[in-house]
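For reference, the structure discussed in these notes is given below.
Just so we're clear, the structure is a prediction, and the values are computed from it rather than from any experiment. Labels below follow one simple rule: chain letters A, B, ... track the order of the sequence lines, proteins then strands, and each chain is numbered from 1.
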Protein chains: 4
Amino acid sequence: MSTSNDSGDAAPRFHTDTFEKMGPARREALLSVALGEFAANGFNGTSINALARKAGVSIGALYSYFPSKEDLFLTVVGMGRSLLAEALADLDPGEPFMDVYASLVRKARDYARANPELNLVYLDATTQGLRHLSSRLSGSLETLTVDFYYRAIAAAVERGELRRGLDVGAAAFCLDNILLLFQFSFASDYFRDRLRLFLGLGEGGALDEEAVMAAIVDFARRALRA
Amino acid sequence: MSTSNDSGDAAPRFHTDTFEKMGPARREALLSVALGEFAANGFNGTSINALARKAGVSIGALYSYFPSKEDLFLTVVGMGRSLLAEALADLDPGEPFMDVYASLVRKARDYARANPELNLVYLDATTQGLRHLSSRLSGSLETLTVDFYYRAIAAAVERGELRRGLDVGAAAFCLDNILLLFQFSFASDYFRDRLRLFLGLGEGGALDEEAVMAAIVDFARRALRA
Amino acid sequence: MSTSNDSGDAAPRFHTDTFEKMGPARREALLSVALGEFAANGFNGTSINALARKAGVSIGALYSYFPSKEDLFLTVVGMGRSLLAEALADLDPGEPFMDVYASLVRKARDYARANPELNLVYLDATTQGLRHLSSRLSGSLETLTVDFYYRAIAAAVERGELRRGLDVGAAAFCLDNILLLFQFSFASDYFRDRLRLFLGLGEGGALDEEAVMAAIVDFARRALRA
Amino acid sequence: MSTSNDSGDAAPRFHTDTFEKMGPARREALLSVALGEFAANGFNGTSINALARKAGVSIGALYSYFPSKEDLFLTVVGMGRSLLAEALADLDPGEPFMDVYASLVRKARDYARANPELNLVYLDATTQGLRHLSSRLSGSLETLTVDFYYRAIAAAVERGELRRGLDVGAAAFCLDNILLLFQFSFASDYFRDRLRLFLGLGEGGALDEEAVMAAIVDFARRALRA
DNA sequence: CATGAATGAGTATTCATTCAT
DNA sequence: AATGAATGAATACTCATTCAT
């Protein structure tokens, strides 16, 4: 799996050649508007015509860039994967695992803060009503993450940091579940409220993010330590 | 819990009086079809007219039961909450905590198996595009769960089962994150694939649910033990 | 008038026998609500179901009183004719004509003030979209008025008050045109604005009704005097 | 008048830019069908879908020309105002006033004959149920007319044609009331019957329009003469 | 390549009327 | 006689997509 990333499963492309010839500024503007619309209204709730108007792109042009609404959506969803890949690339899976997870938690928070809309689009794509869409993505969006967890955890077990006999898959699953919903808490109104409810915060109470992140990492450390 | 449910937070009603006068068979049929449609297509992807036809109910009748599509959807979402409340009511928060969590994990699996559609509707309601809908629910759907975790964990800390100084809110958050996405894995195609990816299962591989549940409970036990 | 009314053209009835057996209070309430709704929203803009609810009458009952929405509307329109007949009955066509017309103008004002809704319903019935409705009324709503004008003008010409050779029909037409639109000015927002525009009144200006009525009567007097 | 039309009070526009780009033939056809439908059935009684079909325009196209049914209706009502403005522009308010009024009466008859539907739409717009529509028109539809009367009457009083001390507003109101309902008599079934009733014409009797117009002008002349 | 006018099936919702109770 | 649940055609309007210019 180590090299498999480069090989077969390159991220699929949902746009036309014409799209690649766009000026970068126009392209960024279009993708940015699309992201905003899909994030705010969901796939079904977004009007392609309104989106095109807001982006200053004619409908005809938009359809010359993307064969369909679905393809534009999938392109936008794919942007999230790219950013995630970059984020993971910064991390060294060879470092002490709990440092890695702590970085991951912090990065997740920062990423969700900086790109809440990507999280919202991801959440929407996750929905059963859009299963025919997410199935067009080559494999799950999580392939990268899973791969990363596996390598980091395996190395840490090897080094004796984490307990032997650990079920790597299940552990990664638990760690990522915690992380994913924590991440959503910074993007989605619903999951923000949920986190605050768990933390016992009322309407006005301030969220101590550092404390939450520390608690999460501590929870994970105890669960995994040798 | 016995009384606290009955007290203040009565679930809001989104249906008319006429709905309550329906014959139970017709009512069940209608709700069941509605659940199925919303689960399969999402709120925005579901056509009220098609739904009515499938349920064998005239459009006019449907609108005499629910003021709007939104209200029908919220009624369906509310059904999930009721079932959840029943499930939690079976559990004794006074038992050893890890037994309670193990039961919870198993119940979540059973519930998701039995009512995958409720999970799918919940996931849809969670979506940012439907925030105006979920905000009509009195408080989060999770209020019950949070409440339950708090009481069970507090009692366990009291008994010395779980470590003192535990951040109850954060711990409950972690435990529920693990549980929620595990639960989704039995309802949503997307999250099923994600779980299998984490477990390293290919297309044909069989999922050993018991092993996963055991691993999850073990993960939690180590994280929390005194 | 004394006999001709009773003979052929009795006002047609649009209600059922059941309607006549209603308690007077309920009947008044129903007619009053119906008048209000039709006046405010027009025939096509009024919902029979909403009307019944507001009147505290079940839909079934309402349909036992009136065969259709049309018949209820025509009944309401007929109420206006009855009130008009009463008003005319108070006048003595043998008095000096200009006194009669002055009384008529004043009565029209008072009537429109007291029953603006009847005027609005009349206006609606007048509309081409409802011609199949107004044609169901036996003859025009104006039969009474025309009859009254003829007798009063003829008598006045006879007495030498008004000029010989007067075209009675055309004169009555002119007099009634002035009167009718003046009357509407007290019921309809549109015609109120129109009158004020003619009088040069801005937003805040107060309307001197007495002066207007005097001017109207003076206009008529000069037009008709011997 | 020559310039005053061009100046301040531009008629509000209720259509989109796209509408202005239509081919003139298609545009005329659409407006003509819309006028016919609204005239025949009233605003509330007209179906936009049926209208579009009759006009040979797709529903989508129609909604690209007008934001809503209301806007199409107001456009049609506005056509009447334009034609009225043209008609008034032909008249010279400096001529002997009774000649002017005679011309006005004749023009009103001709206009109502040629464009009965515009009168019917005007009548519908006048209805209380559509007050929210007529209030969207900038000022009353009558502004032009009032203005014209004022100037013509004032000039005639100045010239000594009409009596000093005349209440210009009230006189104009009376004159226009007579004219307006006379005009309606050529468009509306209801008001046609009413006129015939006043003139004592039975089913078959022929209406001597010239005599009526002469009588109306004579009525007015006597009412106003110096 | 770009434009945006055009399409028309599809949407949620209303409402006059019927009829079983 | 009274009720009000049920009906379903009809309504105004939307929107993904096509295609002539």
Side-chain angles (χ1 to χ4, degrees), chain A residues 16-19 21-22 26 43-53 57-72, chain B residues 16-19 21-23 26 43-53 56-72, chain C residues 16-19 21-22 26 43-53 57-72, chain D residues 16-19 21-23 26 43-53 56-72:
Chain A
T16 62
D17 290 347
T18 313
F19 179 65
K21 294 177 198 147
M22 281 181 87
R26 259 172 74 85
F43 176 78
N44 277 316
T46 293
S47 156
I48 278 286
N49 293 40
L51 189 161
R53 198 178 328 109
V57 161
S58 76
I59 305 170
L62 194 140
Y63 270 86
S64 79
Y65 303 143
F66 302 97
S68 72
K69 184 185 183 182
E70 289 199 3
D71 292 277
L72 173 54
Chain B
T16 63
D17 289 349
T18 310
F19 178 67
K21 293 177 200 146
M22 281 182 88
R26 254 172 80 83
F43 177 78
N44 277 317
T46 293
S47 156
I48 276 286
N49 291 36
L51 189 162
R53 194 167 47 254
V57 161
S58 76
I59 304 169
L62 195 145
Y63 272 87
S64 79
Y65 303 142
F66 302 97
S68 70
K69 185 185 182 183
E70 287 199 3
D71 292 275
L72 173 54
Chain C
T16 63
D17 290 347
T18 313
F19 178 66
K21 296 179 197 145
M22 282 182 86
R26 259 172 74 86
F43 176 77
N44 276 315
T46 293
S47 156
I48 277 287
N49 294 40
L51 189 162
R53 198 180 326 111
V57 162
S58 76
I59 304 170
L62 194 140
Y63 270 85
S64 79
Y65 303 143
F66 302 97
S68 72
K69 184 185 183 183
E70 289 198 2
D71 293 277
L72 173 53
Chain D
T16 63
D17 289 349
T18 310
F19 178 67
K21 294 178 200 146
M22 282 182 88
R26 256 173 78 85
F43 176 78
N44 277 316
T46 293
S47 156
I48 277 286
N49 291 36
L51 190 163
R53 195 167 47 254
V57 161
S58 76
I59 304 169
L62 195 146
Y63 273 89
S64 79
Y65 303 142
F66 302 97
S68 71
K69 185 186 182 181
E70 287 199 3
D71 292 275
L72 174 53

Hey, could you give me the OG1/CE distance between C:Thr16 and C:Met22, rounded to the nearest 0.5 Å? 9.5 Å
To the nearest angstrom, how far is A:Lys69 atom NZ from F:dC15 atom P? 8 Å
Select one nucleotide: of E:dT17, E:dT13, E:dT7, the one nearest the side-chain heavy atoms of C:Ser68. E:dT17
Using a cut-off of strictly less than 4.0 Å, decide whether D:Tyr65 has a side-chain nitrogen or oxygen near OP1 or OP2 of E:dA5. no
Classify C:Lys21 by what it touches in the nucleic acid, base, sugar-phosphate, or nothing, heavy-atom distance under 4.0 Å. nothing
What's the CG-P distance between B:Leu62 and F:dA5, to the nearest Å? 14 Å
What nucleotide among E:dT3, F:dT18, F:dA2 has an atom nearest to a side-chain atom of A:Ala61? E:dT3
Is there a side-chain polar atom (N or O) of B:Ser58 under 4.0 Å from OP1 or OP2 of F:dG8? no
Closest heavy-atom pair and its distance - B:Thr46, B:Lys69: O-NZ, 2.8 Å
When B:Arg26 and D:Gly60 are each assigned the nearest nucleotide of DNA chain F, the 5'-most assignment goes to B:Arg26
Distance check, rounded to the nearest 0.5 Å: B:Ile48 atom CD1 versus B:Tyr63 atom OH? 5.0 Å
Just the rounded figure in Å: distance from C1' of E:dC15 to CD of C:Glu70. 15 Å
Under a 3.5 Å cut-off on both pairing distances, which runs of 3 or more consecutive Watson-Crick or G-U pairs involve DNA chain E? E:2-21 with F:2-21
Calculate, to the nearest 0.5 Å, the distance between atoms CZ and CD belonging to C:Phe43 and C:Glu70 respectively. 5.0 Å
When we call it a touch if two heavy atoms are under 4.0 Å apart, what does A:Thr16 touch: a base, just sugar-phosphate, or nothing? nothing
If the cut-off is 4.0 Å, is A:Asn49 near the phosphate of F:dA16, judged by side-chain N/O to OP1 or OP2? yes
Looking at every non-hydrogen atom in both residues, tell me the closest pair between D:Ser64 and D:Thr18 and how far apart they are. O-CB, 3.4 Å
Closest non-hydrogen contact found for D:Val57 with D:Leu62 is CG1-N, 3.7 Å
Output the rounded distance in Å from CD1 (A:Ile59) to C1' (F:dA20). 15 Å
Base, sugar-phosphate alone, or nothing: which one does D:Ser47 contact when heavy atoms must sit under 4.0 Å apart? sugar-phosphate
On DNA chain E, does the nearest nucleotide to B:Tyr63 precede the nearest nucleotide to D:Thr18 from the 5' side, or the other way round? Give the residue. D:Thr18
Can you tell me if the side-chain N/O atoms of B:Ser64 get under 4.0 Å from OP1 or OP2 in F:dA5? no
To the nearest angstrom, how far is B:Arg53 atom CZ from F:dT7 atom P? 14 Å
To the nearest 0.5 angstrom, please state how far the CZ atom of D:Phe66 sits from the CG atom of D:Leu72. 5.0 Å
How long is the line joining CZ of B:Phe66 and C1' of E:dT13, in whole Å? 16 Å
Distance, nearest 0.5 Å, that separates CD1 of A:Ile59 from CG of A:Asn49: 4.0 Å
Euclidean distance, atom CD1 of residue B:Ile48 to atom C1' of F:dT11 [Å, nearest integer]: 17 Å
Could you check how far CE of B:Met22 sits from P of F:dA6, rounded to whole Å? 7 Å
